[in-house]
Chemist: 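This is the structure I want to talk about, given as C-alpha cells.
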Amino acid sequence: MRLFHILLLMVILQVGRAWSAEPVWFGDKNNTRMLYINSALDLASFEPILTVFVALYPDIKVAYRDVNTLDLYYQTIEEHKQPEASLVISSAMDLHLKLVNDGYAQTYQSNFTERLSADFKWRDQLFAFSLEPIVMLVNKAAFPGDIPEDRQSLLQTIRQNEQAMTKRIGTYDIRQSGVGYLLASQDARQADVTWGRLLEAFGSHKVQTYCCTHEIIDDVASGELAIGYNLLGSYVSQRARDDDRLTMILPKDYTLMLMRAALIPKSAPNPTDAGLFLDFLLSDSAQKMMQTQGLLFPIRPDANTPNDPYVVNAPGPTGVIELDQQLLVGRDYAKQKRFIRNWEMALEIIAEP
Amino acid sequence: MWQKSPNHQSLSEEEESKALKKAPSLRFRFILAGVLVIGIIASLAINLIFDYSQKLADLSYDRLLRSALLQMDENVGLIRNEVSIDIPWSAFATLAQAEEDRVFYKVESLEQGFITGYQDLNSFPPNPPVLDQIQFYDQMFSGEMVRFAWVQRYITDPETAQTVRIILGQTRLSREEMAAAVTQKAVEVVVLIALVAITLIIIGSHLVLRPLHRIERALEERVMGDLTPIDINTPKETHHLKVAINHFMARLQANLEQLENYTADAAHQLRTPLASLRALAENARDIGYSNSASPEKQHQALESIVQQCDTLSQTVTLLLNQAVVSHRLQTHRLELMDLLVPITASCREQALTALRQGVHLSLECELKESLILGDSFSIQQMMQNLIENAVRYSQQDQDAPAEVIVQVMEFDLFYRIKVIDYGEGIPESEKERVFERFYRGRYDVAGTGVGLSMVRDIVNHHSARVNILNTEPKGTTFQVDFAKHRFDGDNQ
C-alpha cells in the first residue's frame, strides 16, 4: 500500500508538470474549430502529418501536446468529466485499453475505422494506426564484441564484458514510463526465463533507467551507453538512418510489435474533428506518408510495399502485442505491484526483504 | 300448397353481385382461421426462441467466464500469510473470446480486504453465498449490464486461514449478439414455415371447395327440365350434398309427375261428358227440324242437357277436390284431429242429396270423441266419396227405400268406420280392381272412376286400412280403420 501511495504521489507531481506544458499549434491561429490532441508521440515523427492535416482542413487549428504515456493515462482519468483533449494518442496500449475498458472513451465509426482489421481496434473506441517493432540500439564503437543478434547473445556479451557493460546499458524506468512497463511485462510474458536473466544481468551491471526513448537514444548516440534495450522502432530507425555510429537490431529470438493507438475521450469537446483526424491517420495518404517519409510504421500492411524505403522486417518471429482484454492482466494492481517490486529488487533499487 | 318464392324472377346481375359481396366467404373464413392459428403458434414459437436464445448465449459464455474464474482461482495463494493472486494471462485470453466485452474483476479476502481489481465492484451476490459454488448473475456496473461470476473459498496453510472471494464480470455484448443471431435464424425458419403453411391452406381451401364448384357447374349447365340425378364423382364430404340435391330433384319429379297425371285425368274426365253434352245439344237443336218434334221431346232433350251439365259440374268439383286433397297430402303435415268432425260433416252434407235419390243415410255413432293424426279435409273428401259411392250403387227400388248406414266404432288400437249399403254388391273378382283409377264396376251407373282411387290415396297417406266386405244379405260394406292417436307418456 505504501508503494501505491508513493506511486500516486509521483504521478500527481508529474501530471502537474505535464499540464503546465504548452501545446504546439498548427494551422491558422484565428480558426474557431480547434482540435486538441494529447499524445505520447514525438513531435518530430508527427509534425509532417499534422502539417498535411491542417493543409487539408484549413479551417481547423490543432493543438498538439506531447505527454509521457503514464501521465497521459492519469490525466485522461483526471479530466474525464471535462477533457481538454479531443483525441488521446499513446503507445502504452495497455493503459489505453484500460481507459476504454473502464469507460473513458467514446465510440467512433467511419468508413476508415470499418476498413481497419478487427485486430487493430477494440469496441470501436480504440484504434491503432501504427505497428512498429521494439528494437535494440547499439553504438558500434562503444559496444564490446560482436553486435548481438538476440537477447541470448546480448546476455553473453554482458557476461564476457562485465567491465565494459557496467552502466552502459539503458532501458525504460518501468515506474515512470507506461510503455516501458508494457514492454517489460510483455517480455516477461513472452520469455520469462530470458527476461529473468536479462533483468539480473541488467541489475548486476547497473543498468541506466530513463523515462523516455529519446534520452536513451541520445545517450547511445553519444557513446555514454553501449546499448539501449526495448526501444520504439520508429524513433530508433530515424536516428540509425542518419547516424552511422548506430545500429538498430530487431532481436532474432522474438521481436515485440507495438501498436500506437488513439481514442476519443467520452466527453471530448470536439469529437467530430477528432474523428476527422483519426480518419486521416487511417487514410491511404497518411499511412503511405508514414512509411515513405520514415515517420512511423503504418498499421495497414497494404500501404506497405517491399520497394518502399525504410521497410524493416524482423529476422525472427514477431510477438504482436494483442489489442484485447489480456492487456488488462499486465495492469492488474497486484501483478503490477509485484512486477515493479521484482524489477526494483533485481535492479537493486530496493533491497530484498 | 307448395312454398314458393314470391317473385320467381331471377335477380339482376348487379343485385346478384351485391348479394355475393355481402355473403360470408367460406374460403375466407377457412383461411382466416388457419392464418390466426398459425400466427398464434408462430408467435409462441418466436417467444420461446427469444427466451431460449438468451439462455443459450448465457450458457455458452458462462462457460468462458467460469473457465476464466477457475484459472484465476487456481492462482490464488498465500505468500507470507498474505493472500496474493497472480492472474494468468490465459484467463483473460479466454475472456477475450468475447471480443468486444469489457472485463471487470475484484479479488478480496474477508480478513485482508481488497486485494486487486476494481475496488468499487459490489462483492455481494444476490443469492446466499455458498463456499466453492460459482454464482452467475447480471448487475449494472460502469453504465453497462454486466454478467458476473462469483466464487468464495477457504484458503489455508498451517499458519493461517482466509476466505477469498473472486468476482469476475464481462459485459453482455457478445451474448446479445449471439442471442440475436440465433433468434434471427430461428425466426427466419419459423416465418418461412408459417408462410408455407399459409400457402398450403390457401391452395388447400381451393382444392377442398373445388367439388362444390363442380356440383354448382353441373347444376348450372343442365338443360331445362333435366331432373336426372347428378352423377359426377364427388368426395365423401360433398356426397351428402349431392344426395340431398338428388332427393330434392326426385321429390320435384314426383310432384311434376302427379301434376302431369292430374292434368291427364282432368282432360280425360272432361272430354267424355263434353262430347256427350255436345251430342245432347245437337240432338236438342235437331229436334226442331224433325217431323216428330214436340215440345215434350224438346223439353226432355233440354232436361238431358241440364243433367249432363250437373254431372260435368260434379266431375269438375270432384277433380278440384282431388287436386286439393293431393296437394294437401303432399304439403300438409298430419295434425291431431277429431275423426267424428269430418264424418258428421260429410253425412250431414250428403243426407239431403241421398234422400232425393231415395236413399236413407244414417250415422250410427256412440262416441263422443275420436282423436287421430290426420288431415280433416282429406278425410271429409274420403267420406264423401264413400257415401256417394254407396248411395249410387244402392238398389233403386221404388217400393222399399234403400238405406246407407255409416258406423263409427272404437277398438283398442283403432277406430273403424263402416259405410254399409244394400245394393247389388261387388263381385269378388272386381273387389281388387275398384280402387284402380278410372275403373268403373258398372257403366249404367253414373261416376267418374276417380273417387275410390282417391279414397285409397287418402287411406294410404294416413297409414290406415281399407277393406271391402259383403253386406248381409246383399250389398257392400267399406271398412276403414284409423289408428288411434297415442299421447306420449300414455301407458298402454
Chemist: Please report the shortest heavy-atom distance between B:Ser123 and B:Trp150, naming the atom on each side.
Modeler: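 For B:Ser123 and B:Trp150, the tightest heavy-atom pair comes out as O-NE1, 3.0 Å.
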Chemist: Please identify, among A:Leu97, A:Leu328, A:Leu327, the residue contributing the most non-hydrogen atom pairs under 4.5 Å to chain B.
Modeler: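 It is A:Leu328.
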Chemist: Identify the residues of residues 162-190 of chain B whose heavy atoms come closer than 4.5 Å to a heavy atom of chain A, ordered by number, or report 'none'.
Modeler: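 Counting heavy atoms that sit under 4.5 Å from chain A, the residues of residues 162-190 of chain B involved are B:Thr171, B:Leu173.
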Chemist: Is A:Asp102 paired with A:Lys98 through a side-chain N to carboxylate O contact shorter than 4.0 Å?
Modeler: yes
Chemist: Would you say the ring centers of A:Phe339 and A:Tyr181 fall short of 6.0 Å from each other?
Modeler: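 Yes.
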Chemist: Is there a salt bridge (Lys or Arg N to Asp or Glu O under 4.0 Å) between B:Asp138 and B:Arg147 once you walk through the steps?
Modeler: CA-CA 4 Å; B:Asp138 290 318; B:Arg147 181 78 168 170; 3.4 Å; yes
Chemist: Report which part of B:Phe141 has an atom under 4.5 Å of a heavy atom belonging to chain A: side chain, backbone, both, or neither.
Modeler: neither
Chemist: Can you name the residues of residues 104-134 of chain A that have some heavy atom under 4.5 Å away from a heavy atom in chain B?
Modeler: A:Trp122, A:Arg123, A:Asp124
Chemist: Measuring heavy-atom distances to chain A, does B:Ile87 have an atom under 4.5 Å in its side chain, in its backbone, in both, or in neither?
Modeler: both
Chemist: Do A:Tyr73 and A:Ser90 touch side chain to side chain, with heavy atoms closer than 4.5 Å?
Modeler: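 SC-SC contact between A:Tyr73 and A:Ser90 ruled out.
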Chemist: Would you indicate whether the side-chain heavy atoms of A:Trp195 and A:Arg151 approach each other to under 4.5 Å?
Modeler: no
Chemist: In terms of heavy-atom pairs under 4.5 Å with chain A, which of B:Gly117, B:Ser142, B:Pro88, B:Ala93 leads?
Modeler: B:Ala93
Chemist: Is it the case that over 12 heavy atoms from other parts of the model lie below 6.0 angstrom from the CD atom of A:Glu200?
Modeler: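 No, CD of A:Glu200 has 12 or fewer neighbouring heavy atoms, counting only those of other groups under 6.0 Å.
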Chemist: Just so I understand: if I count every heavy-atom pair under 4.5 Å between each of A:Asp324, A:Val100, A:Asp332 and chain B, which residue has the most?
Modeler: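 The option with the most such pairs is A:Asp332.
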Chemist: For a 4.5 angstrom cut-off between non-hydrogen side-chain atoms, does B:Ile155 reach B:Thr160?
Modeler: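 In short, these two side chains do not touch, never coming nearer than 4.5 Å.
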Chemist: Give a yes or no on whether B:Tyr154 atom OH has more than 12 heavy-atom contacts from other residues, nucleotides or ligands under 6.0 Å away.
Modeler: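 No - once you tally the heavy atoms of other residues, nucleotides and ligands closer than 6.0 Å, there are 12 at most.
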Chemist: Taking A:Arg260's backbone N and O only, do any of them form a donor-acceptor pair with A:His96's side chain (distance below 3.5 Å, no angle check)?
Modeler: no
Chemist: Where does B:Ala98 contact chain A at under 4.5 Å (heavy atoms): side chain, backbone, both or neither?
Modeler: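 Only the backbone of B:Ala98 comes within 4.5 Å of chain A.
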Chemist: Verify the neighbour count for atom CG of B:Leu32: are there more than 12 heavy atoms of other residues, nucleotides or ligands below 6.0 Å?
Modeler: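 Result for CG/B:Leu32: enclosed.
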Chemist: When you compare the side chain of B:Leu212 with that of B:Leu209, does any pair of heavy atoms fall below 4.5 Å?
Modeler: yes
Chemist: In terms of heavy-atom pairs under 4.5 Å with chain A, which of B:Tyr105, B:Trp89, B:Phe92 leads?
Modeler: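 Answer, by heavy-atom pair count under 4.5 Å with chain A: B:Trp89.
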Chemist: Is there a donor-acceptor pair under 3.5 Å between the side chain of B:Thr199 and the backbone N or O of B:Leu195?
Modeler: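 The answer is yes, because a donor-acceptor pair under 3.5 Å joins these two groups.
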